[in-house]
Amino acid sequence: MRYSQVLIPTMKEVPSEAEVISHQLMLRAGFIKKLTSGIYTYLPYGLAAIRRVENIVREEMNRAGAQELSMPMVQPADLWKESGRYEKYGPELLRFKDRHERESCLGPTHEEVITDIARKEMHSYRDLPVNLYQIQTKFRDEIRPRFGLMRGREFIMKDAYSFDVDDEAAEVSYRKMYDAYNRIFERCGLEFRCVEADSGAIGGSFSHEFMVLADTGEDTIAVCNECNWAANLEKAEVKMSDRRAGVEQREMVKVETPGKRKVQSVCEFLGIGPDQLVKTLVLLADGEPVAVMLRGDRELEEVKLKNYLGVTDIRPAEDKEIFDATGVPSGYLGPINSKTRLLADQEVPAMVNLTVGANEKNYHLQNVNFGRDFEVTEVADFRQLTKDDPCPSCGESIRLVEGIEVGHIFKLGTSYSESMNAYYQDRDGNERPLVMGCYGIGVSRVVAAAIEQNHDDNGIIFPVPLAPYQVTVLNLGLNDPEVSAAAERIYGQLNEAGFDTFIDDRDERPGIKFKDADLLGFPFRITVGKRFKEKAMVEIRCRQDGTTEDIGIDDLVSHISSKLAN
RNA sequence: CGGGGCGUAGCGCAGCCUGGUUAGCGCGCCUGCCUUGGGAGCAGGAGGUCGCAGGUUCGAAUCCUGCCGCCCCGACCA
C-alpha cells in the first residue's frame, strides 16, 4: 500500500475526547473517527487491523469445527419476549418500532435468533453437535460508552453458539472453544489470562473470561502466584479461616458516638481498628432493601450479593432510603433489632467482641457477639477478595492485576432451548432440550487491548500478527531518482516475497515519515536515504526492540523472514 | 439516572467574568521560495451559521431562558 494513496489521517496532537492511551493512539493514528457517542467509523488502517483479528478468529473457529453464518441485526421483539429477555435485558437493548408498528430491537447478542434457527432446523440427535458463529456488528446502548473502541455502543463481535445432546457433549464443545480461544489470543501475540468469571446477564452456570493484561483494564483479576488459579475479582471466592476459638467474649456495652457515622471516624473515636468493627450496608435489590454486614475494612462485592439474591439490579441505598427502610439514620445501623432482611459476610460470625451500630442515632454497641447477641441466618461470601487473601485453590499468595475482557465463554445449558422450545429427538425417540453454549470475542476491543498493551511514547507497537502491514519502506529521496528507484524496488520485492508492505512515498520531510512510522506501529521499518547513496545500504529498524541494522538490498527478504520467524 | 465540565476553523486552545470596529493564537491545509535521516525556515493565502432556538440591548461569541451534543465522575459508604 502506498501512503500517497491511502487515507490515514494522523495527528500530532491528542484530541481532548480521548482518555486512555489506546483511544488516543487510535485517533492519532487515523484508525477511527467518532460519529457520535460510542459509535465510530473504522478508517482504512483501523479496519485493516480489525481484519487481522477477524482472520485469526475465523481460522481458529473453522479449525475447531464451527461454521460461519450471519444473522440479522434487527430482530423482532416477539423473539425476545419468548426468551423472557425483552423485560430482563434493560435499556441496553435498543428498542424501536418499524413502520407497521412492529416492536423490534437491535441485537446486542444473538441467543434468541440462533435458538430460533436451532428449533427449526435441528430435530434429531443425528444433527448434533453443531457450532455456529458469526462476526458482526453488535449494538448495545451502554449507559456510558468510553475509551473509544474499548466500550463502544456499536462494536464488532464474534459470537458462537453450540448445540449438543447433553451436558457431557456440551462440555466437549465448551472445551473445544476454550482451547480455540487460547490459540486465538496466543496467535494474536497478546499477553492474556483465562479466568473464572461471573456469567452475568446472559445467564448460564459456568463461564471463563479471556483477559488481556494491561494497565488500564476495566476489570481486576486475581491470579495465584503458585498454582494456575485465576478469577475475575467479581467472582473470586474468599477462602475462610476460622479465627474465633479461644477468645473471651466480653460484656456488651452501649457507647455514645455523637456524629460518628463513618467507619474511620467511629474507629478513631473508640480507639479500635476497622477490623474490629462491622458495618451494616443497606442496598436496594430490585427495589427491596437488604442489609449486609461486613467487616469495617472490607469491600462489598455487589456481584456476589446479586448472584446470591438472584436479582437483576442492585445499588446502595441513599440516606433517605436507608432511614425509610430501617428507621435508623445511616451510620448507626446494626444487627440487633434490625427491621430489614439481614445478611452477613461469612467472616462476621467468626469475629469476637465486635463493634456495630446500635440502631439508634449517635450510639454504637461494643463487644457484640454472633450467636449470643444476634443471629443471622443468611451467611455467605459477600466481600471482595484482597491481595492479602490466600489463593482459594491452593492457599498460597495471590496478586491482583488489571485486565481487559476480550473473550467470554459460557455454558448456557437448556435455559434458552426450554424457554423457546428448542427440542430434538434422541435415539429412543424422546424429546430433549438442546444443550447450549455461547462464546464471544470482542473483535474491535481486541485491537484496542492490543494497543493498550503494546505501545510506547512514540506510538503503537503492533504485535506482528495484528499489524496491517509488517513492514514499511520510507523513501527519503523522493527527489533523487536513484534513491526513489531503490525504494520502489524494495517495495516491489517485499510484496512479491509475500510480506504485507507499505511505502511512504509522500512528498514529506524525513522527520514526518519517521514519526508516522512509529505512530502507526509497523513492526519493521526500512529507510532508504543517504546511506543508500553512500554505501548501497538501507537501514532496517525493528519497532519492538528498537534495534537498527544497515543491510544490503538483496539480503532484505531473508533478513525479514528470519526476524519474523522468531 | 445523579453530579461536574465543555461546545469558537480539520486538531489543540484564547477571547466571555467587565457586551462595542474586519473574532484571535499554535498545529494542520493551499501557493511560492528554501530545506531533506526525527513532526524545519521565510513569505503569502484559504478556511468560522462562535452548538441550536428564543430573549435582553442601539449593539451579543460575551448577559438571560430553553433545547441539543460531547466529555468526565458516581454509589469506599452505613
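Quick note: numbers below take in every heavy atom, side chains included, and nothing from hydrogens, waters or symmetry partners. These figures come from a predicted structure and were not determined experimentally. Throughout, protein chains are lettered first and strands after them, A, B, ... in sequence-line order, and every chain is numbered starting at 1.
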* Which part of the nucleic acid does A/L333 contact within heavy-atom distance under 4.0 Å: base, sugar-phosphate only, or nothing? -> sugar-phosphate
* Asked: For atom P, what is the distance between B/A23 and B/G51, given to the nearest Å?
  -> 15 Å
* To the nearest Å, give me how far apart CD (A/E539) and P (B/G37) are. => 12 Å
* Asked: What is the distance, rounded to the nearest whole Å, between atom CD of A/E301 and atom P of B/C77?
  -> 16 Å
* Whole-Å C1' distance, B/C52 and B/U8 -> 15 Å
* **Inter-nucleotide P distance (B/G5, B/G24), Å rounded** => 30 Å
* Mate of B/G48 where both pairing distances stay under 3.5 Å, Watson-Crick or G-U -> none
* **Inter-nucleotide P distance (B/G15, B/C25), Å rounded** => 15 Å
* Asked: When you check the gap from the basic side-chain N to the acidic O, do A/K34 and A/E17 get nearer than 4.0 Å?
  -> yes
* To do: Pick base, sugar-phosphate or nothing for A/P15, based on heavy-atom distances below 4.0 Å to the nucleic acid.
  => sugar-phosphate
* To do: Rounded to whole angstrom, note down the P distance from B/G19 over to B/C63.
  => 9 Å
* Separation of atom CZ in A/R151 from atom P in B/C73, rounded to whole Å -> 12 Å
* To do: With side-chain contact (heavy atoms from CB on, under 4.5 Å) as the test, would you mind laying out the steps for A/L343 and A/Y308 before giving the verdict?
  => CA-CA 10 Å; A/L343 316 184; A/Y308 174 87; 4.1 Å; yes
* When all nucleic acid strands are considered with a 4.0 Å heavy-atom cut-off, which category describes A/G529: base, sugar-phosphate, or nothing? -> base
* **Cation-aromatic face contact A/R95/A/Y86, 6.0 Å, 45 degrees** => yes
* Which part of the nucleic acid, if any, lies within contact of A/E17, taking any heavy atom under 4.0 Å across all strands shown: a base, the sugar-phosphate backbone alone, or nothing? -> sugar-phosphate
* Asked: Just how far, in rounded Å, is C1' of B/C77 from CG of A/L283?
  -> 10 Å
* Find which nucleotide of RNA chain B each of A/V278 and A/N479 is nearest to by heavy atoms, and output the residue with the more 5' nucleotide. => A/N479
* Distance, rounded to the nearest Å, where A/K513 contributes NZ and B/A40 contributes P -> 13 Å
* **Touch class at under 4.0 angstrom, heavy-atom based, for A/R525 against every strand present** => base
* What nucleic acid atoms does A/A317 come within less than 4.0 Å of, heavy atoms only: base, sugar-phosphate, or nothing? -> base
* Structure fact -> Closest non-hydrogen contact found for A/L385 with A/A222 is CD2-CB, 3.6 Å
* Structure fact -> Looking only at heavy atoms, the pair that brings A/K304 and A/E237 closest together is NZ-CA, 4.2 Å
* Structure fact -> Closest to the side chain of A/P510, out of B/C77, B/G38, B/G37, is B/G37
* Taking atom P in both B/C29 and B/C11, compute the distance separating them and give it to the nearest angstrom. => 15 Å
* Could you check A/Q384 against A/G511 and say which one's nearest nucleotide on RNA chain B is further toward the 5' end? => A/G511
* For B/U35, does either OP1 or OP2 sit under 4.0 Å from a side-chain N or O belonging to A/R509? -> no
* For atom P, what is the distance between B/A40 and B/G54, given to the nearest Å? -> 46 Å
* Does A/R261 place a side-chain N or O at less than 4.0 Å from the phosphate oxygens OP1/OP2 of B/C77? -> no
* Structure fact -> A/L27 CG to B/C27 P, in whole Å, measures 22 Å
* Asked: So, is A/K12 close to the B/G26 phosphate, meaning a side-chain N or O under 4.0 Å from OP1 or OP2?
  -> no
* To do: Taking atom P in both B/U56 and B/C42, compute the distance separating them and give it to the nearest angstrom.
  => 50 Å
* For this output row, return yes or no: ring centroids of A/Y332 and A/Y363 closer than 6.0 angstrom. => no
* **B/U21 pairs with, by Watson-Crick or G-U criteria that keep both distances under 3.5 Å** => none
* Can you check whether A/S16 has a side-chain N or O nearer than 4.0 Å to OP1 or OP2 of B/G12? -> yes
* Could you tell me whether A/K262 and A/E268 make a salt bridge, using a distance below 4.0 angstrom between a side-chain N and a carboxylate O? => no
* May I ask you to verify if any side-chain N or O of A/R146 is less than 4.0 angstrom from the OP1 or OP2 atom of B/C71? => no
* To do: For A/T280, answer base if it contacts any base atom (sugar-phosphate contacts may also be present), sugar-phosphate if it contacts only those atoms, and nothing otherwise; contact means non-hydrogen atoms under 4.0 Å.
  => base
* Starting at NZ of A/K260 and ending at P of B/C77, how long is that distance when rounded to a whole Å? -> 15 Å
* Under 4.0 Å between a side-chain N or O of A/T36 and OP1 or OP2 of B/C70? -> yes
* To do: Scan nucleotides 44-49 of chain B nucleotide by nucleotide, 5' to 3', and note B when protein non-hydrogen atoms come under 4.0 Å of the base, S if they reach only the sugar-phosphate, - if neither.
  => ------
* Asked: Starting at CD1 of A/I512 and ending at C1' of B/A40, how long is that distance when rounded to a whole Å?
  -> 9 Å
